[in-house]
Each structure stands twice: as structure tokens, then as C-alpha cells.
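See structure below.
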Amino acid sequence: MMTNGNDGNNGIEDGDLTEAPTAAESQPEGEANEAPEALESGTSGLPVESHTEDTRSMDNVPEESREESASDELEKAVLALALALDQPEPSVEMLMDAGDAWWRVAVKTGTMESYVNTAEMYDRVLSLEPERRMLQRRIGYCRLLQAQRETGKRQLDLLDEAVEQLGNAAVFEGDQDAGVLTDWGYAILQRAGLIVDGKNEDYALAVSAFCDALKAGAAVDSDAAWLLQRALRLRANMLPPNEALACRTEVKEVIANALQKGGNMTQRPLWQASAIQAELETVQDERLTGVARRVRLKEIQNRYRKLIRQEAPVPIILSWVELLGAEADGLVGPACKKKYVEAEQALMLCAPAEEEQSEMELQMAISRIARRRSRLEPVSMRLGLLSVAEKALQPYLESDNVNELKMEAAHVTLELASLLDRPVSQQRYRHVISMLEPLLEIPAMEAEALRCYLTALLALDRSEDGYDEPDWTACLERLFALAPEAGETWLIAAKVAQSNDDYEKASACCASAWRLGASRSMLMPVWQQVIDDWASSSAVDGRLPMALTVAKKQLRMAKQVRHELRAR
């Protein structure tokens, strides 16, 4: 069952409409107490209802009866395991009994021990009778759950095994099983979130698995269909804009089929929210700028405005807010502020969040809008708005699997630091660096974390004791390898060049950032300062170098686009 349709921060974060990759969650029917959480990036995951055999729902069983049943099953599992392991060469039947008992415990309790023991018993059965290949599905699922609670190489090794086992089950002789294919594709998506080399190949393989699941009978609004549009969107993020547009077209076709032909009305808001996000991503890949971009965003708003009403579902409101944020990014002054106010008003229309995950995403949206609106206000009001953002995030910072929220908290702290006096600001910048260090280890978040990390390093006083000068060249090379098409990447490069008094390079990087859609509220002050510093440092006999004259013309052109937007 899918629980949330807000998959990323399109249009919310500084004009970058690409989303950190996320993964849907998968669980056997009836597994009420343990659901795997998203392994990619710590952003919102979507549980997927799998069709694992021999499981049953406990939803209507009283809690005390459920606990008693689980206790009975655990006792049986321990006894079966003891009997099996007490024999020098336990029979297949004993091992199967032990595996089945532990599987039932896993379904009811979700304990890690039960998944480990289940996989171990079934592995031993397969070593004796390889023809029992459908056991590989359960083994793969258990490894998937184990990977959820691991990190680093151990996590990747478990995901590799899950992909292999589920893949073997998916190609088992006979008719293809849509549920097995969906599980396999899901495992591939999980692995793709943890690797750098081969990520695009994994996305392509996952797309193939989900397409096969639909051919095997999965409904047009099933988990397979949902994961298919997610895999296509993630793959599109890896492609050049012209190639990505073909993927975006496929995404919209999958979503349109789900909305037009699907029968699961409870999940309809998720598909509607995803439709808005798919439109936003298309605008990003079309590389529209200026008036053309704003017209396209207005068209999307007009198409989906009827969905925005009192008590509207959280996913729809969050996607709508992202849409408004994307439009605000191309505006300045009162027009820009008006869009942020409209976004704040939309957030107040949300129906009460039924799950903590939805509430957390709502608070992140509140933080992002407050943070971005603060850039338009005087310092005194900025401090107040950033305090609102900080307060919205605070209750969740100690929770598990909230990496996206921690990334947002780092942004808030970074902007607060820029408003404070020394030495408080320096302490804040160091705190940001410590917050970001674990996020740099998450492939799906590395680019965004590295941009914030370098921004904080640039703000530190290089003359202070303990300042460790980074290898700026190596850092920028890594950032461009991760996100060469992001305007914010070029903005960081401009700041680094500016810090080294290379104003011509800094201005060129600003121009690239502008063409790639970097947030104007962040870009223009930097670009103007670069031009001013360049002019004051290079004037000779009252004359300016030709390169500076050209750079000033580029900045005037960028500002003219802003003025045209404001006039409309």
C-alpha cells in the first residue's frame, strides 16, 4: 500500500527540480509490524504491497492475541531450529520446517533474527534440493530486509544477494509472476540508490522488470506501475535533457493510464501528485527560461488547480507547493514573495497527516518555503523566518532514516550562520560541516551535501587555527562528476574562483549557472559582487578589460530577464 506521493523537492530547493532518488517499500501481505524503509537518500519511501505466498493478514486480530500468536510461532520456530541443528545431517524436511516456522515469525514480528534464520534455513534446503527455486524469493526478501538495517559494504552485499535470488525466482520455469517481478525490480532500485557505477544500468533493468510485471497481469495502478514510473523518473535524471524527455513521456503515459483506468481510489491522490511532479521535471529537461518557462508553469497550475481545496491530501498539496516554488524561482521582489505566500497558504489547506512520515514531509515543506522566502526579507525578518524553519524540523532530527530532513536542517543552519556575528557564525558553519559529513556517504545525496559542505568551508575564516584547506580542485571535480548540469554546481564553482581572486572564471561560472537555472535569489548577489570586485581590481587608467565589459553585459541580460518577469 502506497502512503506518500511526494518523492522529492522539485521546485522547492533552489531551483533544482531534480529529485534525490527514493525507493518504494515492499512487504509481504499481512506484515503489519515491519516494513522496509527507503534505502535511497532518506527521503519519503512508498510501501509496496507484495504478493508473497503463504502469508495472511493480522490486521483484525486483537493486539494481545497477535502477541500470543507470535509467541507461539516463535516457540515453534526455536524448537524446529533446535531439532534441525541437533542432527549431524538434518533432513530437508527438518530444514523446511525450521525455515517455514521462522518465516511465519518474520511475517508477524519483523525481527531481524527471524529474517536471518529464515534465509539460513532456506539456503540449506536449496543446497540439498536446488530445484526448490521458488524459495529464492523468500531468501531474497529476507536479504532485502537485512540490508535495511546495515550500512556500507555489508548493505550492498545483501542487496546484491537479494537481486540475484529474486532474479532467479523471476525467471523460474513456467508463467511469469507479477509479484516476483515487482519484488525483483524493487530490489534493483534499492541497489541503484547505493552505487555510482552501473546506476543507469540498474534503472534500465528495473524498468524492464516492472514492464514485465505489467505484462504478467499487474494492474495499471499496481505497485509495479507505481515503481515503473519511479524507475523511469530516476533514470531520466541520469540522462542528458534531450534523452530524458523520452523517459518523461513514458512516465506521463504510465501515470495517465493509472488515473484513467485504475480502480484503486485510495491511491489516486498519490498518482495525481506524481503527475504534477512529472510535469515539473519535463519543464526542467526542456531547459525553458524566462517567460517561456513561466508560461509552462502557469499551464500546469491551471491544469491541476481544481485539486487544491480545504482538507486536500498531503501529497497533492506538497506537489502543488513545489510547483509554486518552481515559479517563484524565476521571479524577483514582490512577485516572488507573493508566490511564497501562496505556497504557505496552500500548506494550511492540508488534511491532517495520518502518518508520521507525511507529517515530517509537511514540516520540511514549511521549512523550505520559510527559508526561501527569507532571502527576500531584511535581516531581522530573515532571522524570524529561519527560526520558523528550524523549529519545524527540530522534533525529527533524532529520528532514524530522516536524511532528507537532516539535509534541509543543514541548509537552514547554513543560512542562519550567514546572518550571525562572529564567533557564533563560525561555530554554526563548523556545525553544518559535521552535519553533512555522514550525508556525503549517501550516493543519492552526495551532490547536494557536497555543495552545502563547500559553501560552509568557503565561509570559514581561513586564518583561524585548525582550518584545514581542502583540495578545491578535487572537490569540484567530484561535484561536476555528480551533477554537471545543475546550476547550483556552477554557482559553487563561481564562489571558489571568486575566493581565489579569479574573477573572470567566476563570472563565466555565474553565466553558466544562470543558463542552467540556478536560483536567482542566490546567484545574482554573487554575480554582482564578482563583477564589482573584478572592476575594482582590474581598472587601469580608468579603462576596463574587454572580458569584464562582456561579463557586465551578460549580467545586464540576466537582470533584464528578471525585470520582464516582474513587469508581467
Side-chain angles (χ1 to χ4, degrees), residues 13-16 287 289-290 329-330 332 372 375 411 414-415 417-419 425-426 429 432-433 436 446-464 467-563:
E13 184 46 56
D14 299 340
D16 185 358
R287 288 289 187 259
T289 59
D329 186 62
V332 293
R372 294 187 66 190
R375 297 169 188 164
H411 279 294
L414 191 61
E415 297 202 23
S418 68
L419 304 176
S425 66
Q426 296 294 296
Y429 287 128
V432 169
I433 290 170
L436 292 168
E446 186 181 359
E448 185 179 1
L450 186 54
R451 285 194 289 265
C452 285
Y453 187 83
L454 294 178
T455 301
L457 283 173
L458 284 167
L460 287 176
D461 188 341
R462 301 186 184 188
S463 65
E464 286 192 2
Y467 180 81
D468 187 12
E469 186 80 26
D471 185 340
W472 294 107
T473 300
C475 289
L476 287 176
E477 285 178 353
R478 178 59 180 166
L479 184 55
F480 275 101
L482 291 167
E485 297 293 317
E488 285 70 29
T489 294
W490 288 89
L491 180 55
I492 292 296
K495 291 179 180 180
V496 172
Q498 181 185 23
S499 71
N500 294 322
D501 298 334
D502 189 345
Y503 302 117
E504 183 172 357
K505 182 177 180 180
S507 182
C509 288
C510 285
S512 295
W514 173 56
R515 286 192 294 270
L516 290 170
S519 170
R520 285 172 171 78
S521 63
M522 300 294 286
L523 170 62
M524 291 304 171
V526 174
W527 201 351
Q528 184 64 63
Q529 189 62 53
V530 166
I531 295 297
D532 292 344
D533 291 345
W534 190 0
S536 62
S537 65
S538 60
V540 178
D541 298 329
R543 291 177 293 178
L544 298 176
M546 180 60 66
L548 175 56
T549 301
V550 172
K552 293 175 75 171
K553 183 178 179 180
Q554 287 180 316
L555 178 56
R556 283 197 301 272
M557 288 174 59
K559 288 182 175 180
Q560 183 62 36
V561 170
R562 296 195 304 162
H563 292 155

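All values below come from the heavy atoms of this structure, side chains included, with hydrogens, waters and symmetry mates left out. Residues: numbered from 1 along the sequence shown.
For the atom pair CD1 of I433 and CG of D468, the computed distance is 10.0 Å after rounding to the nearest 0.5 Å. Once rounded to the nearest 0.5 Å, the distance linking OH of Y429 with OG1 of T455 reads 9.5 Å. One finds the CG atom of L491 at 7.0 Å from the CD atom of E488 (value rounded to the nearest 0.5 Å). Considering CZ of R372 and CE of M522, their distance stands at 10.0 Å, rounded to 0.5 Å. From M524, atom CE reaches atom CG of L555 across 6.5 Å, with rounding to the nearest 0.5 Å. A distance of 8.5 Å separates CG of L476 from CD1 of I492, quoted to the nearest 0.5 Å.
With sequence neighbours left out, E446 forms a side-chain contact (heavy atoms from CB on, under 4.5 Å) with R478, L482. Partners of W527 under the side-chain hydrogen bond (donor to acceptor under 3.5 Å, both in side chains) rule, at least two apart in sequence or in another chain, are S507. Residues passing the side-chain contact (heavy atoms from CB on, under 4.5 Å) test with N500 are R462, V496, sequence neighbours excluded. Every side-chain hydrogen bond (donor to acceptor under 3.5 Å, both in side chains) that Y503 has, sequence neighbours left out, goes to D501. With sequence neighbours excluded, no residue forms a salt bridge (Lys or Arg N to Asp or Glu O under 4.0 Å) with R515. With sequence neighbours excluded, the residues that form a side-chain contact (heavy atoms from CB on, under 4.5 Å) with A494 are C509, C510. Every residue was checked against the salt bridge (Lys or Arg N to Asp or Glu O under 4.0 Å) condition with D502, not counting sequence neighbours, and none meets it. In this structure Q528 satisfies the side-chain hydrogen bond (donor to acceptor under 3.5 Å, both in side chains) test together with D532, K559, sequence neighbours excluded. By the side-chain contact (heavy atoms from CB on, under 4.5 Å) test, T489 is found to be paired with R451, L479, F480, A483, A486, residues two or more places apart in sequence or in another chain being considered. Evaluation of the side-chain hydrogen bond (donor to acceptor under 3.5 Å, both in side chains) rule for E485 yields R287 as partners, not counting sequence neighbours.
A donor-acceptor pair is defined here as one N or O able to donate and one able to accept, closer than 3.5 Å; no such pair exists between the side chain of W514 and the backbone of S519.
With a 4.5 Å cut-off on side-chain heavy atoms, T473 and E477 count as touching. Under the 4.5 Å side-chain criterion, counting only non-hydrogen atoms from C-beta, L458 is in contact with W472.
Scanning all heavy atoms of the two residues, the minimum distance from A535 to L548 falls at CA-CD2, 3.6 Å. Taking every heavy atom of both residues into account, C475 and P470 meet most closely at SG-CB, 4.4 Å. Looking at every heavy atom in both residues, Y453 comes nearest to L436 through N-CD1, 3.3 Å. Closest approach of L414 to V432, counting heavy atoms only: N-CG2, 3.7 Å.
Other residues, nucleotides and ligands contribute over 12 non-hydrogen atoms within 6.0 Å of the CD atom of Q426.
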